[in-house]
Participant: 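What follows is a single structure, and I will ask about it in a moment.
Protein chains get the first letters and strands the later ones, always in sequence-line order, with residue 1 at the start of each.
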Amino acid sequence: MEIQDKVKRAAHILMLRSHSKPGVRGWELRRALGDEYIKIIYLLDKELSDIGLRVAIKTEKGDEPSSKDDYDDSFFFVTFRSPPDWPEIRGSGWRIDELAALAVSISLIAGRGGKARYEEILDVLTKKIPERRARALITRFIKQGYLSGEDELELGWRTFVEVDVKGLLKTVIGASKQSTS
Amino acid sequence: MYRDELIRILQICREQEDPFKVNVIDLLDRIRKIFPLIKTEEEINLDLEALLSLSDVILKQEDVLEHRTSLLYVDALLILLKLERMSLKDLAESLRRNWRPIVEARGINPNFLSTALDYWGSKELLGKEISTSPEREAEISVELSEELEKELKRIREEIKEEVDYHEFIRMDPLRRAYLISILATRGDISLRKDPITERITIVPSPSTGEKVSMVIEVI
């Protein structure tokens, strides 16, 4: 198979969801593209950059892979290369209060060193949105993989892939223009 | 002779969870003093292992320091205060600026086909249990319609004034939500949503404004 064909194949494998959750394991890509699959992925990443996308690679713990073995066990995703604009967000069905609730949940958990009590997150959320909605949103974030756990919540796999947690905390802490909801 | 002492140093390095509770300088000094005195091959190996374990402790100390100086170790209270004071719009914008959503396309694949097959398989079994002729199906449909109309009438009579939607459906959420949705679609009643509190109420009269579709979480 030509290199260009392999790049196309990699794009199809990564973008067409075949599992219950998105992401493809490194060893699956090795099986489909051969031993030099990492090079193919980097070529794909270069091609995707022209249309504002990128290949994100994360280990099971949410870190960047560091060794060859790490790559085999890591998950590969296609994500936006830069943050989406508001029209794109609205078009994908997200509402402002939903994004805000996710921002609160992630920031609280990260600020507590990786874990925060469900009730504590709910308490902060209910100061901004109705309790029924807050509970429903937390459940939805868990289902989507942004959060995990029950009584004590942690950051889920999707947060590690999609969200720059350090950047979010930096933005929250640096937020100077304060207003109440 | 020095075997036990070296094993003790190894244990301290390996078992202490907080790397800052290990007195690295003291233990390093002890290893340095022991080294010229050890004689057996086992002691030399243990000495080397103890030295390596101490270097691991130093690495752990570095990691902890790095984490504590990073943004992830900011004061939780400060974050809480900031979050509480920020508006929904500012919070959403904070996330947007640091968000790169996953892109994916869904298509038919063996997993989906298998799920679909399971679904139709279960339907087939269900069909075998209820064997009805087209005439009987039509009769059941009429009977159900009459039954449904009676229930709709009863529910409609319950709504005398504007009531909270969730309060109203609470005693039998799915059934009452279903009946309310039919009445609202027919225009017999209308639903109102407060844009600020998001509270949904049932209004006993039809809406005069533009009709829009509403998605309401029932359970």
Participant: Counting only non-hydrogen atoms closer than 4.5 Å, does A:R95 touch chain B with its backbone (N, CA, C, O), its side chain (CB onward), both, or neither?
Facilitator: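 Contact with chain B: side chain only.
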Participant: Keeping the roles fixed (side chain from B:K82, backbone from A:G174), state whether a donor-acceptor pair exists under 3.5 Å.
Facilitator: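 Pair absent, no side-chain N/O of B:K82 close to backbone of A:G174.
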Participant: If you take all heavy atoms of B:W99 and A:P84, which pair is closest and at what distance?
Facilitator: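 Here B:W99 and A:P84 meet closest at O-CD, 3.2 Å.
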Participant: With a 4.5 angstrom heavy-atom cut-off, could you sort out which part of A:I89 is near chain B: side chain, backbone, both or neither?
Facilitator: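 For A:I89, the side chain is the part near chain B, not the backbone.
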Participant: Less than 4.5 Å apart, side chain to side chain, heavy atoms only: is that true for A:I173 and B:L78?
Facilitator: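 Answer yes - side chains close enough.
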Participant: Less than 4.5 Å to any heavy atom of chain B: does that hold for the side chain of A:S82, its backbone, both, or neither?
Facilitator: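 Only the backbone of A:S82 comes within 4.5 Å of chain B.
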Participant: If you count the non-hydrogen atoms of other residues, nucleotides and ligands that lie under 6.0 Å from CG in A:D151, is the total more than 12?
Facilitator: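 At most 12 heavy atoms, drawn from other residues, nucleotides or ligands, come within 6.0 Å of this atom.
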Participant: Do other residues, nucleotides or ligands put more than 12 heavy atoms under 6.0 Å from the CZ atom of B:R170?
Facilitator: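 It does not: B:R170 CZ has 12 such atoms or fewer within range.
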Participant: Would you mind reporting whether B:E104 and A:F77 have side-chain heavy atoms less than 4.5 Å apart?
Facilitator: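 Contact flag for A:F77/B:E104 side chains = no.
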Participant: Look up atom CD1 in A:I106 and atom CG in B:L83, then write down how far apart they are to the nearest 0.5 Å.
Facilitator: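 Reported value, rounded in 0.5 Å steps: 11.0 Å.
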Participant: Do B:I102 and A:R158 touch side chain to side chain, with heavy atoms closer than 4.5 Å?
Facilitator: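 Side-chain contact under 4.5 Å: yes.
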Participant: Report, as yes or no, whether the 6.0 Å neighbourhood of atom CD on A:E88 holds more than 12 heavy atoms from other residues, nucleotides or ligands.
Facilitator: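 Above 12, so yes.
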Participant: May I ask you to check whether over 12 heavy atoms, not counting those of B:F168, lie within 6.0 Å of atom CZ?
Facilitator: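 Enclosed.
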Participant: I need the A:S107 OG to B:L95 CG distance, nearest 0.5 Å.
Facilitator: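 These two atoms lie 8.0 Å from each other.
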Participant: Looking at A:K58, I want to see if its NZ is surrounded by more than 12 non-hydrogen atoms of other residues, nucleotides or ligands under 6.0 Å.
Facilitator: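 Yes, enclosed.
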Participant: So for atom OH, which belongs to A:Y118, do other residues, nucleotides or ligands contribute more than 12 heavy atoms lying within a distance under 6.0 Å?
Facilitator: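 Counting neighbours around OH of A:Y118, more than 12 heavy atoms of other residues, nucleotides or ligands fall under 6.0 Å, so yes.
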Participant: Between CG of A:L169 and OG of B:S94, what distance do you get to the nearest 0.5 Å?
Facilitator: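 Taking CG in A:L169 and OG in B:S94, the distance rounds to 10.0 Å.
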Participant: At their closest point, which heavy atom of A:I96 faces which heavy atom of B:A92, and how far apart are they?
Facilitator: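 Smallest interatomic distance, heavy atoms only, reads O-CB, 3.6 Å.
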Participant: If you compare all heavy atoms of B:L88 against all heavy atoms of A:A100, which two are closest, and at what distance to 0.1 Å?
Facilitator: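 The answer is O-CB, 3.4 Å.
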Participant: Less than 4.5 Å apart, side chain to side chain, heavy atoms only: is that true for A:V161 and B:R100?
Facilitator: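 Not in contact.
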Participant: Could you state the interatomic distance from NZ (B:K89) to CH2 (A:W86), rounded to the nearest 0.5 Å?
Facilitator: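 One finds 9.0 Å between NZ of B:K89 and CH2 of A:W86.
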Participant: Please examine the side chains of B:H166 and A:R132, heavy atoms only from C-beta on, and report whether any two atoms are closer than 4.5 Å.
Facilitator: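 The answer is yes, as the side chains (C-beta and beyond) meet within the 4.5 Å cut-off.
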Participant: Kindly indicate whether the side chain of B:L91, heavy atoms from C-beta on, has any atom under 4.5 Å from the side chain of A:L99.
Facilitator: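 SC-SC contact between B:L91 and A:L99 ruled out.
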Participant: Does any part of the side chain of B:E84, heavy atoms only, come nearer than 4.5 Å to the side chain of A:K127, both counted from C-beta?
Facilitator: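 A:K127 vs B:E84: side chains touch.
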Participant: Just wondering, more than 12 heavy atoms not from A:I51 lying within 6.0 Å of its CD1?
Facilitator: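 Yes, the 6.0 Å shell around CD1 holds more than 12 heavy atoms from other groups.
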Participant: List the atom of B:A76, the atom of A:R112, and the distance in Å for their closest heavy-atom pair.
Facilitator: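 Reported closest heavy-atom pair: CB-NH1, 3.0 Å.
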Participant: Between A:L168 and chain B, which part of the residue has a heavy atom less than 4.5 Å away: side chain, backbone, both or neither?
Facilitator: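 A:L168 touches chain B through backbone and side-chain heavy atoms alike.
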